[in-house]
Amino acid sequence: MKIWKKLKFPAQEFNLENTLVNGQCFNWRKIGDHHYEGVFSKYYVQVKRDNDAYVQYSTIPPNENPEKEQLFEDQFKSYLNYDANIPELYEHWAQKDKRFSQIAEPIHGVRCLRQDPWECTVSFICSQCNNIKRITQLLETLRKTVSQIVALNQQSQFGSEICEIDQDDGTRRKIYQFPTVEQLQTATEKQLRELMFGYRAKYLVAISKQIVDKGGQNWLESLRGQPNEKIREELTSLPGIGSKVADCIALFSLDCANSIPVDTHVFQIALKLGYVKGLKKDSSLNNKLYLQIVQAFRDKFGDKAGWAHQIMFAGDLKSFQEKISNSNSANTSAQNSKKRKIDEIKDQEEEKEEEEIKVQDVDTKRETRSKRRKLN
DNA sequence: CAGGTC
DNA sequence: CCTGG
């Protein structure tokens, strides 16, 4: 029998879908309408919303006394950056950039999470050339297997198993905590490769060792509050972490609300919105350009530019997914699904001429290369 | 060729 | 470079 706890949280402040599965974390899965499950800290958690004013959550194991319950609630609130006033920030950003409001309007309540830095690090190393579904699957397998390895090494039956839950098909599924730095270190590259981590396996093994040597979890957490540049330097010195992954870790787990992870996707958004100009046709995302885009977002949105950026990212992702699920006919879906929210905004607007030319230029190249929808 | 790194 | 769509 589940015990549901209420947490005051207006829908405009926190949208489950837009926050939990928008690509900033990979530990939540949708299990129903407005209903998600995930592994958080030492708990298996379900969160749902059936009311505009609050969300409800339930944990396994349950918290057996009010003190523990309060502790969990505080921890969960911290994870959700509970004190941040998201609607107010939306309004602020909308004023900074008129296109922001158009892009963000359909996706209210996106919150940037304050994740565990270690889990975040592993997650984004796995994210390289990968998609949300597979990353989520990979991390689930990681929790399970490392737990089993740990159990074997300790000659114990359990490892870091949390519980076992019933599934729809009648079978039971075990849930495991995310491995600690020390625990992951006990896995070999070979073992991880067998789990289909591919070339990311060697990064994980190497980075576990290096972080343990630096002081493990405590060292990672000690980065919080340090200057953005310092954090970036420390992280990129580790194997498997470049600019993009470092900025993800900084933004999603180390309190750097103005870090901007620029992946190829954000790169495209920046081109569309004219944040970078004067590029050659075949410009790739090199380091200089990366920094240029980061600066453009910061100039535009200010000290929490990273949060604003994540909303744009989520919005684009969402329309992308909707386009796919809405298209029944296979022959048109491949073309239409690629036409994202940002494109629509562009279509509606009268762009400045100089901007139009550049954007169009990039478009032409891209469309031709990947055989997309016809140009208007 | 992909939500990147060496 | 791993693996998958």
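Chain identifiers are assigned alphabetically (A, B, ...) following the order of the sequence lines, protein sequences preceding nucleic acid strands; residue numbering begins at 1 within each chain.
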* If only atom types and distance count, is the side chain of A:Tyr290 paired as donor or acceptor with the main-chain N or O of A:Val262 below 3.5 Å? ->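 Such a contact is found between A:Tyr290 side chain and A:Val262 backbone.
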
* **Separation of B:dG3 P from A:Asp247 CG (nearest whole Å)** =>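 Result: 18 Å.
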
* Asked: From C:dC2, C:dG4, B:dG3, pick the nucleotide closest to the side chain of A:Lys202?
  ->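 Selected nucleotide (nearest to the side chain): C:dC2.
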
* Determine whether A:Phe178 and A:Leu142 make a side-chain contact, defined as any pair of heavy atoms from C-beta on separated by less than 4.5 Å. =>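 Touching, per the 4.5 Å side-chain cut-off.
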
* Step-by-step side chain to side chain donor-acceptor pair (under 3.5 Å) determination, A:Gln75 to A:Ser41 -> CA-CA 9 Å; A:Gln75 192 185 2; A:Ser41 180; 2.9 Å; yes

* Toward the 5' end of DNA chain B, by each residue's nearest nucleotide, A:Thr236 or A:Phe124 ->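 Looking at the nearest nucleotide for each, A:Phe124 comes out on the 5' side.
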
* May I have the distance from A:Gln268 (atom CD) to B:dG3 (atom P), rounded to whole angstrom? =>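 Value for this atom pair: 11 Å.
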
* To do: Would you mind pulling out the nucleotide paired to B:dA2, Watson-Crick or G-U wobble, both distances under 3.5 Å?
  =>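 Across any shown strand, B:dA2 pairs with C:dT3.
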
* Check whether any side-chain N or O of A:Thr19 sits under 3.5 Å from a backbone N or O of A:Asn15 as a donor-acceptor pair, and report yes or no. =>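 Checking the backbone N and O of A:Asn15 against the side chain of A:Thr19, a donor-acceptor pair under 3.5 Å is found.
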
* Whole angstrom value for the distance that separates C1' of C:dC2 from CD1 of A:Ile125 ->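 Taking atom C1' of C:dC2 as the reference, CD1 of A:Ile125 is at 15 Å.
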
* So, A:Lys144 and A:Glu140, do they make that salt bridge, N to O below 4.0 Å? ->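 Judged by the 4.0 Å cut-off on N to carboxylate O distance, A:Lys144 and A:Glu140 do not form a salt bridge.
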
* Asked: Just checking A:Ile241: base, sugar-phosphate only, or nothing, at a heavy-atom cut-off of under 4.0 Å?
  ->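 Sugar-phosphate only.
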
* Distance, rounded to the nearest Å, where A:Leu204 contributes CG and B:dG4 contributes C1' ->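 Going from CG in A:Leu204 over to C1' in B:dG4 covers 13 Å.
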
* Between A:Asn130 (CG) and C:dC2 (C1'), how many Å, whole number? ->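 Checked: the CG to C1' distance equals 10 Å.
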
* Base, sugar-phosphate, or nothing: which does A:Tyr203 touch, judged by heavy atoms less than 4.0 Å apart? ->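 It contacts base atoms.
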
* Sugar-phosphate, base or nothing in reach of A:Leu238, heavy atoms under 4.0 Å ->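 A:Leu238: backbone/sugar contact only, no base atoms under 4.0 Å.
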
* Quickly work out the A:Leu192 CG to C:dT3 P distance and round it to whole Å. =>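 My rounded result for the distance is 12 Å.
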
* Hey, is the side chain of A:Arg134 poking within less than 4.0 Å of OP1 or OP2 on C:dT3, counting only N and O atoms? ->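 For A:Arg134, the contact criterion (side-chain N or O under 4.0 Å from OP1 or OP2 of C:dT3) is not met.
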
* To do: Answer with base, sugar-phosphate or nothing: what part of the nucleic acid does A:Arg200 contact at a heavy-atom distance below 4.0 Å?
  =>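 A:Arg200: base contact, heavy atoms under 4.0 Å.
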
* Rounded to whole angstroms, how far apart are CE on A:Met196 and P on B:dA2? ->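 My rounded result for the distance is 21 Å.
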
* Measure from the side-chain heavy atoms of A:Arg193 and tell me the nearest of C:dG4, B:dG3, C:dC2. =>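 The closest nucleotide is C:dC2.
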
* To do: Whole angstrom is fine here: how far is it from CD1 in A:Ile269 over to P in B:dG3?
  =>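 Value for this atom pair: 12 Å.
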
* Asked: If you find the nucleotide of DNA chain C closest to A:Gln128 and the one closest to A:Lys133, which residue's nucleotide is nearer the 5' end?
  ->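 The residue mapped nearer the 5' terminus is A:Gln128.
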
